[in-house]
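Proteins come first, then strands; the chains are lettered A, B, ... in the order of their sequence lines, and each starts at number 1.
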Number of protein chains: 2
Amino acid sequence: MLSLDSHTQYLNRLKDNGLKLTPRRQAIIHLFMGSAVHLTPEEVWKKLHQQFEKCGLPSVYRNLESLVECGILARIQLADRKKHYGLCTVGHEHHHHHITCIKCGRVDEISDCPLTNITEINGYQVLNHFLQMSGICSHCLEN
Amino acid sequence: MLSLDSHTQYLNRLKDNGLKLTPRRQAIIHLFMGSAVHLTPEEVWKKLHQQFEKCGLPSVYRNLESLVECGILARIQLADRKKHYGLCTVGHEHHHHHITCIKCGRVDEISDCPLTNITEINGYQVLNHFLQMSGICSHCLEN
DNA sequence: ATAATAAACAGAAAAAGTTTCTATTTAGGA
DNA sequence: TCCTAAATAGAAACTTTTTCTGTTTATTAT
């Protein structure tokens with residue numbers, strides 16, 4: 001559940017970083033807030049095509065990186081060759097991870113992140129993390 | 001420091017999975033055991049060129065995937081677009097994760113995995129996990 | 001040791017995803 | 001409203017990975 005407040009907060013964060021508040025950026029933020037957990041550049045681009053008759057894929061790439069730089073989005077590495085972006089930043093209300101069952105392919109959320117209290121490691125100030133677990137779900141364990 | 005024993009163990013694991021013990025596969029295993037923590041397909045290919053005058057990059061890709069499938073190597077996601085492979089699997093002596101600096105792109109190892117003792121979550125029997133952290137490295141924090 | 005066979009291979013070509021380039025448009029400040 | 005730097009589209013280039021085809025090789029059975 002997302003409030004209008006956090007939406008405007010994001011838009012303000014653009015200004016704070018000296019970035020322009022363009023229609024495409026607003027649409028991208030809106031898209032991430034309203035729908036999926038994480039999206040590839042191409043997925044974002046396809047959605048934006050529904051709103052803007054002209055919309056270049058390079059712009060989408062650039063905007064996603066801009067949004068990462070000002071802390072609105074996070075880059076997420078998944079097992080494919082594609083880039084992935086999401087709002088699942090540490091401290092965000094949506095922060096969570098996933099566990100997949102290697103038997104049936106089912107995906108569940110891990111709501112209790114075991115890493116939120118790690119803010120410093122190896123001299124790094126930790127800003128974000130991505131955790132993916134796999135194993136055998138309760139249903140498949142029974143069989 | 002890796003013993004000859006674990007080398008032969010790896011070679012046996014090829015056989016157990018019905019894979020042939022080819023010179024290139026032996027060389028790849030030897031390479032990972034002897035040198036770096038993780039390598040890209042291209043890095044492996046360049047090393048192999050020193051040993052084999054004929055050595056195709058597609059073969060390197062195929063072999064790396066074969067070695068993943070029989071549990072010798074692990075795929076590692078880093079912040080670039082390249083594939084990375086290493087001997088780092090859960091339970092393995094090399095198990096570890098990575099943290100990347102969002103400013104300079106530097107990658108460091110997190111040797112102390114904070115998740116090794118998590119064997120059950122959300123009803124799942126946890127078998128494996130992938131953790132990727134990002135933040136600002138000590139050097140960039142100073143500037 | 002040899003032959004048979006399925007897997008592994010090289011090299012070329014194609015595909016997928018991302019980035020760069022150039023000229024045009026637009027958001028935000030003067 | 002005008003100005004300027006940032007943002008944009010579209011084309012093209014680029015990097016990395018995968019597919020394809022025909023040839024070679026490791027292993028199994030003889």
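A donor-acceptor contact closer than 3.5 angstrom links the side chains of A:Asn63 and A:Arg25. Under 3.5 Å, the side chains of A:Glu65 and A:Tyr85 contain a donor-acceptor pair of N or O atoms.
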Item to complete: Start with the C-alpha gap between B:Glu42 and B:Lys46, add the side-chain angles, then the distance that decides, and say whether salt bridge (Lys or Arg N to Asp or Glu O under 4.0 Å) holds.
Response: CA-CA 6 Å; B:Glu42 206 193 353; B:Lys46 280 179 179 164; 3.7 Å; yes
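Considering all non-hydrogen atoms of both residues, B:Trp45 and B:Cys55 come closest at NE1-O, 2.8 Å. The two residues A:Cys70 and A:Leu14 have their closest heavy-atom pair at SG-CD2, 4.0 Å. Minimum heavy-atom separation, B:Val44 to B:Leu39: CG2-CB, 3.8 Å. Here the closest non-hydrogen pair linking B:Pro41 and B:Val60 is O-CG1, 3.5 Å. The shortest heavy-atom contact between A:Gln51 and A:Ala27 is OE1-CB, 3.7 Å. Scanning both residues, A:Lys54 and A:Arg24, for their nearest heavy atoms gives O-NH2, 2.6 Å.
Computed from coordinates, the B:Leu14 CG to C:dA8 C1' distance equals 12 Å when rounded to whole Å. Atom CG in A:Leu19 sits roughly 16 Å away from atom C1' in C:dG29 (whole-Å rounding). In this structure, the NE2 atom of A:His84 is 11 Å from the C1' atom of C:dG17, given to the nearest Å. Counting to the nearest Å, the P atom of C:dT19 and the CH2 atom of A:Trp45 are 16 Å from each other. If you measure from atom CG of B:Asn63 to atom C1' of C:dA8, you get 8 Å, rounded to the nearest angstrom. Counting to the nearest Å, the P atom of C:dA8 and the CG atom of B:Leu48 are 16 Å from each other. Between B:Gln51 atom CD and C:dA10 atom P the separation is 13 Å, expressed in whole Å.
OP1 or OP2 of C:dA10 has at least one side-chain nitrogen or oxygen of B:Arg24 nearer than 4.0 Å. In this model, the phosphate group of C:dA8 is not approached by any side-chain N or O of B:Thr22 to a distance below 4.0 Å at OP1 or OP2. Between A:Tyr61 and C:dT19 there is no side-chain polar atom (N or O) within less than 4.0 angstrom of OP1 or OP2.
Nearest-nucleotide assignment on DNA chain D puts the 5′-proximal partner with B:Thr40, out of B:Thr40 and B:Lys20. Nearest-nucleotide mapping onto DNA chain D: of B:Glu42 and B:Lys15, the residue sitting toward the 5' end is B:Glu42.
Within a 6.0 Å sphere centred on NE2 of B:His139, heavy atoms belonging to other residues, nucleotides or ligands number 12 at most.
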Worksheet item: Can you give one letter per nucleotide of nucleotides 11-16 of chain C, 5' to 3': B if a protein heavy atom sits under 4.0 Å from the base, S if only from the sugar-phosphate, - if neither?
Response: BB---B
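Within the 4.5 Å cutoff, the side chain of A:Val126 has no heavy atoms near those of the A:Glu120 side chain. Side-chain contact between B:Gln50 and B:Leu48: absent, with no pair of heavy atoms (C-beta onward) separated by less than 4.5 Å.
The bend of the helix from C:dA1-D:dT30 to C:dA30-D:dT1, defined by the angle between the axes of its first five and last five pairs, stands at 40° to the nearest 10°.
Reading DNA chain D from its 5' end, the first and the last nucleotide to sit under 4.0 Å from a heavy atom of chain B are D:dT15 to D:dT27.
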